[in-house]
Amino acid sequence: MPHLLAPSILAADFANLQRDVELVNASAAHWFHLDVMDGVFVPNISFGMPVIQAIAKHAKKPLDVHLMIVDPDRYIQTFADLGADVLTVHAEACPHLHRTLGAIRDAGMKAGVALNPHTPVETLRDVAGDLDLVCLMSVNPGFGGQSFIDRTFAKTTALRTLLEEEGAKEALIEIDGGVGMGNARALVDAGANVLVAGSSVFRSEDPMAAALNLVNA
Ligand code: DX5
Ligand code: ZN
């Protein structure tokens, strides 16, 4: 399966949000990646429901919502109602991850789990059959524009092996943080299926061309 590209709206121009949403609609990218931060789980606050509602009104591609918040269970139905297609929670924020993943699927969304750079992939072995996507954080979550952590290559390979061992090879591996033309191909070769790209798309001279290059990487 060819890999997917999910531009992160965190790097868009919030004063021209509709323009940047239309840019993704018109580009070669596949999904919208929406980063929700609460200032508690991560040391930054991004945007929440009203902004996602505004984006959803114009977005013509699936919404991949990445929750960097504590106690995400409280909002699962809310994000389903907003039109999220993929809802990703952090393993570190979920004491009852198995139950949370079930609730996301029951609400009609694809269930994703994100792992911080320090969290081993082995933590997912017993829920491998209960998830649709694993988001490997290749930076410490909270901010766009950080440098890629090289250890992510080995982690991607190890996760691919784990998913196969557990009969979960349909699950997608997403890489989030510091992704660009310098590492995109190698990540896909290591087993990644979805590349999130914030700065490398929106902060480039030509975001349309940047998206196309990352799709063809
Ligand atoms: C970081 C977010 C990322 C971020 C990626 O906490 O989860 O999605 O927007 O931005 P870049 O691609 O600039 O590293
Ligand atoms: Zn993200």
Side-chain angles (χ1 to χ4, degrees), residues 3-14 17 20-21 23-24 27 29-48 51-52 55 59 61-70 72 75 79 84-93 104 109-119 131-153 155-156 172-188 192-205 207 210-211 213-215 217:
H3 65 275
L4 305 177
L5 177 68
S8 171
I9 290 295
L10 190 63
D13 177 355
F14 290 172
L17 201 44
D20 284 354
V21 169
L23 188 150
V24 175
S27 78
H30 304 86
W31 292 355
F32 286 85
H33 185 82
L34 306 178
D35 289 303
V36 178
M37 304 179 185
D38 67 354
V40 179
F41 181 70
V42 288
N44 193 14
I45 300 176
S46 57
F47 52 77
V51 173
I52 293 183
I55 292 168
K61 295 177 180 180
L63 304 182
D64 171 34
V65 178
H66 176 193
L67 298 182
M68 286 159 272
I69 67 174
V70 296
Y75 301 111
F79 285 104
D85 295 277
V86 182
L87 191 65
T88 297
V89 296
H90 265 265
E92 303 85 1
I104 294 172
M109 298 174 287
K110 287 192 164 63
V113 182
L115 298 183
N116 279 337
H118 76 276
T119 304
L131 50 78
D132 301 295
L133 176 145
V134 179
C135 174
L136 291 182
M137 292 308 304
S138 36
V139 298
N140 285 290
F143 304 92
Q146 304 182 80
S147 336
F148 181 86
I149 297 170
D150 274 328
R151 171 77 195 163
T152 312
F153 290 115
K155 231 171 142 171
T156 305
L172 300 175
I173 300 179
E174 177 178 72
I175 311 296
D176 189 6
V179 173
M181 287 306 284
N183 52 24
R185 183 69 245 167
L187 286 167
V188 172
N193 310 105
V194 187
L195 302 177
V196 174
S199 317
S200 64
V201 169
F202 288 106
R203 303 285 151 91
S204 81
E205 293 273 295
N213 289 337
L214 285 165
V215 166

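All ligand and atom numbering here is 1-based and tracks the order in the structure.
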Practice prompt. Mind running side chain to side chain contact (heavy atoms under 4.5 Å, CB included) on L187 and F153 for me, showing each step along the way?
Written response: CA-CA 6 Å; L187 286 167; F153 290 115; 3.6 Å; yes

Response to the item:
For the Zn ion (ligand 2) the protein N, O or S atom count under 2.8 Å stands at 4

Discussion item. What does the 4.0 Å heavy-atom contact list look like for ligand 1?
Written reply: S8, L10, H33, D35, M37, H66, M68, M137, P141, G142, F143, G144, G145, D176, G177, G178, V196, A197, G198, S199

Response to the item:
With sequence neighbours left out, the residues meeting salt bridge (Lys or Arg N to Asp or Glu O under 4.0 Å) with R185 are D189

Worksheet item: Parallel, tilted or perpendicular for H66 and H33, by the 30°/60° rule?
Response: tilted

Worksheet entry | Flag, side chain of E92 to backbone of N116, donor-acceptor distance under 3.5 Å | yes

Pairs of donor and acceptor atoms involving the side chains of residues 140-150, under 3.5 Å and at least two apart or interchain, shall be tabulated with distances.
{"residue": "Q146", "atom": "NE2", "partner": "N140", "partner atom": "O", "Å": "2.8"}
{"residue": "Q146", "atom": "NE2", "partner": "F143", "partner atom": "O", "Å": "3.0"}

Discussion item. Within this structure, what is the CG-CD distance for the pair L195 and E174, rounded to the nearest 0.5 Å?
Written reply: 9.0 Å

Item to complete: Look at the side chain of S138 and the backbone N and O of D176, then say whether any donor-acceptor pair between them is shorter than 3.5 Å.
Response: yes

Worksheet item: Heavy-atom count around K61 NZ within 6.0 Å, excluding the residue itself: above 12?
Response: yes

Practice prompt. Using the side chain to side chain contact (heavy atoms under 4.5 Å, CB included) rule, take V51 and L17 through it: C-alpha gap first, then chi angles, then the decisive distance, then the call.
Written response: CA-CA 9 Å; V51 173; L17 201 44; 3.9 Å; yes

